[in-house]
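The next block holds one structure in the form of structure tokens; read it before the comments.
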Number of protein chains: 2
Amino acid sequence: MGDRPLRADARRNREKVVRAAREAFAASGYGVPLDEIAALAGVGPGTVYRHFPSKEALFEAVVAARIRDLADDARRRADGADPGEAFFGFLGRLAGEAAAKRDMPDAIEVAGALRQDIFEALDLLLRHAQRAGAVRGDITAPDLIVLLKGLILSVQDTPQGPAGEAQRERLLAVLADGLRSPGATG
Amino acid sequence: MGDRPLRADARRNREKVVRAAREAFAASGYGVPLDEIAALAGVGPGTVYRHFPSKEALFEAVVAARIRDLADDARRRADGADPGEAFFGFLGRLAGEAAAKRDMPDAIEVAGALRQDIFEALDLLLRHAQRAGAVRGDITAPDLIVLLKGLILSVQDTPQGPAGEAQRERLLAVLADGLRSPGATG
DNA sequence: AACTATACGGAACGATCGCCCCGGTTAGCA
DNA sequence: TGCTAACCGGGGCGATCGTTCCGTATAGTT
């Protein structure tokens, strides 16, 4: 495609929009009005639409990097020496991230290539941990995804705002113990 | 207050509205347009507002009974002989109900006296099970509520619609095992 | 049957939000 | 410095949705 290089001000504005979107989505989830993002970026709504065809496209652009990071991390851990620790370590990271970023639940729903990517990475991580006997054998990757989504939502939708660190620790412990193979040591 | 008895047609319509709301909320969650509920009931939107001051009030009216039932069930089980079975049996019922009713997540958020009611019932159920050594001692009633909400959301927000019975069984097993005291028999 | 309080339906209002259009501005270049 | 293509801002459109208003219909009574 003929992507001519952007004019300097256009490039600057695009960057400002992405940065504002990252902040706004993380703070309030996908639901933030686009006008608010534009205002935070210090541009008009029209400018946002010059750079992204829709609000959803902007969200995907912002979230794609995070998802890719997550998947990469999962793959990296999966290659490590201790599959069990790799698995539960990843769970911990996910819980921590979810507590800080309010857009994680929506991020999981983002369709496209990312979906396949994260699925395969989780599948790998899970299988390794199961083969090593660290995780119960009866659950599947879709099960895991659903459980993680539940964990993410739990961690941030507490009646008094996001869960404190101590509570998050306990919730994570419950899920982790439930996923462990019966008889395996923690 | 001077609640004069309703006119016959008014009473009929109120009933139709409540029935339609029950169906619509269960099928699509709190998000269903009120006009849709009215259409399903075969009345105009104005009629709905004659009987309920707001959409939220209608939702509360519909959901209150279900919450009360749940709390009653929890209390009844808590008095039984086997606190462990009482606890885990309740979990199973909740999972089953959540799979069928799409408005469960919103229902949990309903404020007012019901909130206190269900909280106390769950607290009772949990404490008994903990005292009997069936459930790990480190979690609290707020933890449990958050976990249940996660379970409810997990059970119904699977990418391919509500979870199948087999998957629901597995998810429930993971949560239940995570909640069990270390070393307690299933 | 006539009368009136009560209730009904649905058009319309106001707010919200995603998205587009266009008159004005500016960057980049000669 | 002047020209033009690229870009910007923000007002505005159209859709959705909760809610209200009011002219009409009807239940209940005398």
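Every value quoted in this text rests on a predicted model; they were computed, and no experiment measured them. In the text below, chain A, chain B and the rest are named by the order of the sequence lines, each starting its count at 1.
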To the nearest angstrom, the CG-P distance between B:Asp9 and C:dC8 comes to 5 Å
Respond yes when some side-chain nitrogen or oxygen of B:His51 is under 4.0 Å from OP1 or OP2 of C:dC8, and no when none is. yes
Atom CG of A:Leu6 and atom C1' of D:dA5 are separated, to the nearest Å, by 14 Å
Here the distance between atom C1' of D:dC8 and atom NZ of A:Lys16, to the nearest Å, is 11 Å
Judged by nearest nucleotide, the residue sitting upstream toward the 5' end of DNA chain C, B:Ala10 or B:Asp35, is B:Ala10
Would you say B:Asn13 places a side-chain N or O within less than 4.0 Å of OP1 or OP2 belonging to C:dA7?
no
Between CZ of A:Arg50 and C1' of C:dC22 the distance, given in whole Å, is 11 Å
(Q) Does this structure show an ion pair linking A:Arg68 with A:Asp72, if we count only N-O contacts that are shorter than 4.0 Å? (A) no
- Does the B:His128 side chain pair with the main chain of B:Ala78, one donor and one acceptor, at a distance under 3.5 Å? yes
B:Ala8 has its side chain closest, among D:dC8, C:dG18, D:dA27, to D:dA27
Atom OH of B:Tyr30 and atom C1' of D:dC17 are separated, to the nearest Å, by 11 Å
Looking at B:Glu85, I'd like to know if its CD atom is crowded, meaning that more than 12 non-hydrogen atoms belonging to other residues, nucleotides or ligands lie closer than 6.0 Å. no
When you measure from the side-chain N and O atoms of A:Tyr49 to the phosphate of C:dC20, is any distance below 4.0 Å, counting only OP1 and OP2? no
In whole angstroms, the gap separating C1' of D:dA6 from CZ of A:Arg11 amounts to 14 Å
For B:Gly31, report the nucleic acid contact type (base, sugar-phosphate, nothing); a contact means any heavy atom under 4.0 Å. nothing
Here the distance between atom P of D:dC17 and atom CG of B:Leu58, to the nearest Å, is 16 Å
Among D:dG18, C:dG18, D:dC8, the one nearest any side-chain atom of B:Pro33 is D:dG18
Between CZ of A:Phe59 and C1' of C:dC19 the distance, given in whole Å, is 19 Å
Between A:Ile139 and A:Gln130, does the side-chain contact (heavy atoms from CB on, under 4.5 Å) criterion hold? Intermediate values first, please.
CA-CA 9 Å; A:Ile139 71 162; A:Gln130 285 177 322; 3.8 Å; yes
Q | Side-chain (B:Arg136) to main-chain (B:Gly178) donor-acceptor, under 3.5 angstrom | A | yes
Closest of C:dC20, D:dT19, C:dA7 to the B:Pro45 side chain is D:dT19
Fill in: Side-chain N or O of B:Arg7 closer than 4.0 Å to phosphate OP1/OP2 of D:dT26
no
Closest of D:dT19, C:dC19, D:dA5 to the B:Ser54 side chain is D:dT19
